Amino acid sequence: MATKRAKALTSIRHIAVYVEEPEPGWFQWVLIEAASDLSTWSELKRAERWESSYKDAMAKGLLALQELTADLDRGPRTEPRKPKEKSSGFGFGFELPKLD
């Protein structure tokens, strides 16, 4: 059961790879990630070296994406959320008086 719970505490990261052509005939892969509301994307990583074909740039971008993924069967995941610590309080957050 703990395994199912651990899986539920993580989610797949929304990462995309695309290719740009910074100069005619030269291609560069870019990894981007969506914000949690999926409305905006930010750059994660960009190729330092350009490739002479779109195909090679895309292939290397996909390899870079795979490097971000610890388990390719499950995909890139967010870090597991820490379980909430139980309050030492009683009831609705009130604490019992301490007796000395």
Side-chain angles (χ1 to χ4, degrees):
M1 226 31 174
T3 305
K4 286 185 180 181
R5 178 153 172 76
K7 288 180 183 177
L9 295 176
T10 64
S11 61
I12 292 181
R13 295 169 65 188
H14 296 92
I15 301 174
V17 59
Y18 69 91
V19 174
E20 291 183 340
E21 190 176 20
E23 290 185 13
W26 291 101
F27 303 90
Q28 179 182 40
W29 59 262
V30 181
L31 293 179
I32 56 175
E33 183 169 17
S36 59
D37 64 359
L38 304 179
S39 66
T40 57
W41 292 77
S42 59
E43 187 175 303
L44 284 177
K45 194 171 182 181
R46 172 181 295 269
E48 294 178 12
R49 183 171 172 255
W50 296 349
E51 303 298 327
S52 60
S53 75
Y54 179 96
K55 174 180 72 174
D56 289 343
M58 179 58 78
K60 289 185 178 178
L62 290 171
L63 288 173
L65 174 57
Q66 288 181 11
E67 288 174 5
L68 294 176
T69 307
D71 182 350
L72 292 174
D73 289 328
R74 295 192 63 233
R77 296 284 171 161
T78 59
E79 292 295 318
R81 293 191 304 256
K82 305 246 189 262
K84 290 183 180 178
E85 291 185 22
K86 292 189 177 188
S87 170
S88 61
F90 174 78
F92 299 97
F94 300 107
E95 293 186 21
L96 292 173
K98 293 182 182 174
L99 303 173
D100 292 325

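Keep in mind that this is a model prediction, so the values were computed, not measured.
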Tyr18 side chain reached by Ile32 side chain, heavy atoms, under 4.5 Å:
yes
Leu31 and Arg46, any side-chain heavy atoms less than 4.5 Å apart
no
Is Val30 linked to Leu63 within one hydrophobic cluster, defined over Ile, Leu, Val, Met, Phe, Trp and Tyr using a side-chain heavy-atom separation of less than 4.5 Å?
no
Quick check against the 3.5 Å criterion: does Glu20 have a side-chain atom that pairs as donor or acceptor with the backbone of Gln28?
no
Interatomic distance, NE2@His14 vs CD@Glu33, rounded to 0.5 Å, equals 9.5 Å
I need the minimum non-hydrogen distance between Glu51 and Arg49, along with the two atoms involved.
OE2-NH1, 3.7 Å
Test item: Lys45 and Trp29 side chains (from C-beta on) under 4.5 Å apart, heavy atoms:
yes
Between Thr69 and Leu65 (side chain of the first, backbone of the second, donor and acceptor by atom type, cut-off under 3.5 Å), is there such a pair?
yes
ILVMFWY cluster, Leu68 and Val19 together (side-chain gap under 4.5 Å):
yes
Could you check if a side-chain atom of Trp26 sits within less than 4.5 angstrom of a side-chain atom of Ser52, using non-hydrogen atoms only?
yes
hydrophobic_cluster_shared for Leu44 and Ile12, side chain cutoff 4.5 Å:
no
